[in-house]
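Everything below concerns the one structure shown next.
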Amino acid sequence: MVFFTSLDKSFMPTEIPKAYDPKTVEQGLYKAWEESGYFNPDKLPGKRREAYSIAMPPFNVTGILHIGHAVLLALQDIMIRFERMRGKKTLWLPGTDHAAIATQNVVEQELKEEGKTKYDLGREQFLERVTRFADSQHGRIVEQISRMGASCDWSRERFTLDAGLSTAVTSAFTTLYSDGLIYRGDRIVNWCPRCQSTLADDEVEYKEKKTPFYYFKYGPVVIGTARPETKFGDKVIVVHPDDKRYAKLVGTSFEVEWILGPITARVIADPVVDPELGTGAMTITPGHSFEDFALAQKYGLPIEKIIDENGRLTEAAGPMKGLPVKEARKKVVEILESKGLVDHIDENYIHNLSVCYRCGTPIEPLVSRQWFLAVDKPAKRLGNKTLKQRALEVVENNEIAFVPDRFTKVYRHWMENLHDWCISRQIWYGHKIPVWYCETCHADQKKYQAGKYYWLPEKNTPTACPRCHGQDIHQDHDTLDTWFSSGLWTFSTLGWPMVKDMGFDPALVDLVISGKKTKTFRLRDHDLSVGETCLTHDSKTKKKFGYLRILRSTKIPFNEIALQTAGHEPYKSQAELKTTFQKYYPDITITPDTPVWVYEYIYQKESDLEQFHPTSILETAYDIIFFWVARMILMSTYLVGEIPFKTVYLHGLVRDKKGRKMSKSLGNGIDPLEMADKYGADAVRLALVIGTTPGNDQKLDEQKIAGFRNYVNKVWNIGRFIAMQGEGKSLSEAKPETMADYWIFSRLNTIIQEISNHLVKYEFSQAGEKIYDFAWHEFADWYLEITKLEGNVALAHQVFGEILKLLHPYMPFVTEALWRQLGYGKDLLMIEIWPSSDPSKINPAAEKKFAELQQTITEYRRQRKESGAPAGQVMSVPVPTGLAGELKPIIERLAKVTFTT
RNA sequence: GCGCGUAUAGCUCAGUUGGUUAGAGCGUCACAUUGACAUUGUGAAGGUCCCUGGUUCGAGUCCAGGUACGCGCACCA
């Protein structure tokens, strides 16, 4: 344990208010932290070899901070602050996600209130509006994250749609496509008729609903269905091969009377049919059922589209074309009824209705031409393993560990059953699929068949088809699944794929490295945007010398270049700059109006990707393990060839007092910001972390937060007391002298060890509880009470300093405020060195003696109480045998007794 | 159907590898208060650790079976 505090000024206790008022200090402290630069790993003091990084789950731009976010921020901030104090080079990278469907829905809702639809605006205008909305949300999100005290590096903040991340998305798509893992195909997909888009399998939710289940006479068999409206084209009956009831029919064809008149049906046998279910015979509808589609592929059956993208019937329904599903169902049943083909109807059938996870609309499975990511295809890059196999392997062999461990099983189960991922969406907002189509080639059927009418351009906006040079080309109208870009989050935010390169004059290289040059002018756009990292080389030797992370990118006319601003050395005049330019850009004529790109950057010897990837831990709620966690593992293991994180810590959901999910419609949500206003951010953080265990939901009510507000205030008053005691005294030399001193020293060193162990093992609740208890019920209740008698204020001051460090990750605001008030050090508590336990200070004898003292005092107090002695009166008791002289006054005071001889 | 979680004080929950008398916060009851803190202090009451069986010198903890509540996945002709 290192004590280095010195106190040479007198305290002015009157300056410390009686009650802690978070409002007056929190904002200022956050600003101080931010301005210190210590959120940024590059600016942390000292040599920090080991990196520690967390990618903050990107917040949806739709959202306002809810209690779940607050949990996430509290936990991650604890991890980051702890590791920062332990001397690691800590990066916590924040950002936002465009959340395509969710965001688009919000804007569509706004439009609806104005009586408009997105089609009224058209794609371009609509997108402008969505973008405006997303931008307007940004500031608020940042403010809310800050409000909770999150010590994340804002200089590295990213947005899934920013230029750098879009490059990453394109690059990812291109790589996967070139490696044959992304393909385009006509397959059955989940279609949301309201969102007008496909959904991935895990974006479909199931709701139980009672629907009639119909039994129809279909030739010689009776078939059951919940969806009569899809049955127009059913021509194939499937039965189980071992089902004796139908054995004679297998392989035969016959004519049956059906919805639109007689059709020819045939019978096949396949083991997928469950003979126990319904009548044991079914007809198949390949165009609108996943199972039937698989069967149709197996037997080469035709696939007919009965329902269109708007949820209406197609030509296949003959006269019923255009009818919405609901009405069509009624009509079909009526027709079959009139033909006497209804066997019976089961009205009590419980159906698992599939609905869209974003809007609740029933899903229509239908066949559509979409883009897919093949998860079961052997990939060269993975040594002929599939994406799925690799993603399972890294968890199986413990490269990635889940906390709590049980989620490993959940993950494995999901991954094993994963089908090819449909990645194209018909949502407008998002990353457009980077594929271009040529109408001229399309018109040529042969090329169409060969799939050669589309290509992936190298540059973003091609002007002509590379094959026929025709100009009638357009980009794919679809966008990528939001989770495609979030799947890249751990590495796309760290500068992957680093395709951009910039040369520097050999004379400047040293200046760049030393940080004397932090700005560069270019006549050609390097297409660099804020947050991106670019590789740099010496233009003479072509040797790589490091990386630049772009802080600002602007375009100005040549004559507006301000050479006087910092960081642009070594040019002394515009003429000199012009000469330099001319040397590197001999083909460009420089006029005063020539546009110049100005890049401001910081130099990094190692790129963020090299330093911070794989990230140390991913912390998020367990409900997005599939959507996000699994996708990141798939993407990272393939594209970067690295796991995205070493540990996945999953927290539970926050529920209301009654255990219900918090939701807008129930109005039972607890707003973390309102709570922070009322009780302070520290109290909110403590309430969300203490008394909870990973992976388990927690019930929260305001009382709990109020309770921790009391604790924060207690800590404040401990500080206030020490300040008052120490007024005017020199506190620089602290030595344990009395038994109580040795005891508190011993306890402190024990507790340091325990807390550090808990934190390393992600036992945040237990670590928090222990330090909470130590500060209040050992240090304040016992040690400080004795201090009033013995007066070793210097020691109290020092021990409290250590307590502040231990508490800091949990309650950063109040501890930082006290650190300052009590004059512990010039620099911020947030970068103090985490206490280390000194085993030589652990003193079992002192602990034992003190425990006996505590027992004695408690016993006297109890006796007093039982005897009903009046409050003010001191009770006389005989001196116990063997009482050490030094303890006498302590007992007399704390137990309010007086010893008679 | 498959898998998972939870069950401990009135309430909300901790309880690490099995080890004296099972803990905390809130709530309850009683008492205290002119100097750190009533957002406080002191003391107390309060438990068949869901049930049954097993392993063990010893089980809240491990094993088997069951009950209740919750969740995920699948099926859904």
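Numbered from 1 within each chain, the chains take letters A, B, ... in sequence-line order.
Between Glu785(A) and Arg893(A) there is no salt bridge, since no side-chain nitrogen of the basic residue lies less than 4.0 Å from a carboxylate oxygen of the acidic one. Ionic pairing of Lys231(A) and Asp234(A) is present here: one or more N-O contacts between side-chain nitrogen and carboxylate oxygen are shorter than 4.0 angstrom.
Put simply, CG on Asp682(A) is 19 Å from P on U39(B), counting in whole angstrom units. Nucleotide A44(B) holds its P atom 14 Å from the CZ atom of Arg864(A), rounded to whole Å. To the nearest angstrom, P of G43(B) lies 10 Å from CD of Gln854(A). To the nearest angstrom, P of A45(B) lies 8 Å from CZ of Arg862(A). Atom-to-atom, CD of Glu866(A) to P of U42(B) comes out at 18 Å; the value is rounded to the nearest Å.
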Let me check I have this right: for RNA chain B, each base becomes ., (, ), [, ] or |, based on Watson-Crick or G-U pairs with both distances under 3.5 Å. What is the full string? (((((((..((((.....[...)))).(((((.......))))).....(((((..]....))))))))))))....
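In this structure, Gln766(A) and His758(A) have side chains that are in contact, with non-hydrogen atoms separated by less than 4.5 Å.
Look at Arg861(A) and you'll find a side-chain N or O under 4.0 angstrom from OP1 or OP2 of G43(B). Taking side-chain N and O atoms only, Lys699(A) has a distance below 4.0 Å to OP1 or OP2 of U12(B). Between C13(B) and Thr693(A), no contact under 4.0 Å exists linking OP1 or OP2 to a side-chain N or O. An OP1 or OP2 oxygen of G43(B) is reached within less than 4.0 angstrom by a side-chain nitrogen or oxygen of Thr858(A). Residue Lys714(A) has a polar side-chain atom (N or O) positioned under 4.0 Å from OP1 or OP2 of G41(B). In terms of phosphate contacts, Gln766(A) brings a side-chain nitrogen or oxygen within less than 4.0 Å of OP1 or OP2 of G15(B).
Side-chain to base pairing of Glu763(A) with A14(B): no donor and acceptor N or O lie closer than 3.5 Å to each other. Taking 3.5 Å as the limit, the base of A44(B) and the side chain of Lys865(A) contain no donor-acceptor pair of atoms between them.
Each of Lys788(A) and Ile223(A) lies near RNA chain B, and the nucleotide nearest Lys788(A) is the one positioned closer to the 5' end.
Side-chain atoms of Glu859(A) and Gln863(A) form a donor-acceptor pair, as typed in the model, at a separation below 3.5 Å.
The backbone N or O of Gly768(A) sits less than 3.5 Å from a side-chain atom of Tyr810(A), completing a donor-acceptor pair. Checking side-chain atoms of Asn668(A) against main-chain N and O of Asp656(A) turns up no donor-acceptor pair under 3.5 Å.
When the nucleotides C31(B), U16(B), U39(B) are ranked by their closest atom to the side chain of Ala19(A), U39(B) comes out on top. Closest contact between the side chain of Asp781(A) and the listed nucleotides G41(B), C73(B), C31(B) involves G41(B).
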Steps toward salt bridge (charged side-chain N to carboxylate O under 4.0 Å, His left out) verdict (Asp376(A), Lys388(A)): CA-CA 6 Å; Asp376(A) 287 314; Lys388(A) 213 156 121 172; 3.1 Å; yes
As a quick check of understanding, evaluate salt bridge (charged side-chain N to carboxylate O under 4.0 Å, His left out) for Asp292(A) and Lys298(A), giving each step before the final call. CA-CA 10 Å; Asp292(A) 296 2; Lys298(A) 187 169 167 186; over 6 Å; no
For nucleotides 17-29 of chain B, 5' to 3', base contacts (B), sugar-phosphate-only contacts (S) and non-contacts (-) with protein non-hydrogen atoms under 4.0 Å give --------S----
Is there any protein nitrogen or oxygen under 3.5 Å from a nitrogen or oxygen in nucleotides 1-4 of chain B, and what are the pairs?
unit_1	atom_1	unit_2	atom_2	d
G3(B)	O3'	Lys409(A)	NZ	3.3
C4(B)	OP1	Lys409(A)	NZ	2.5

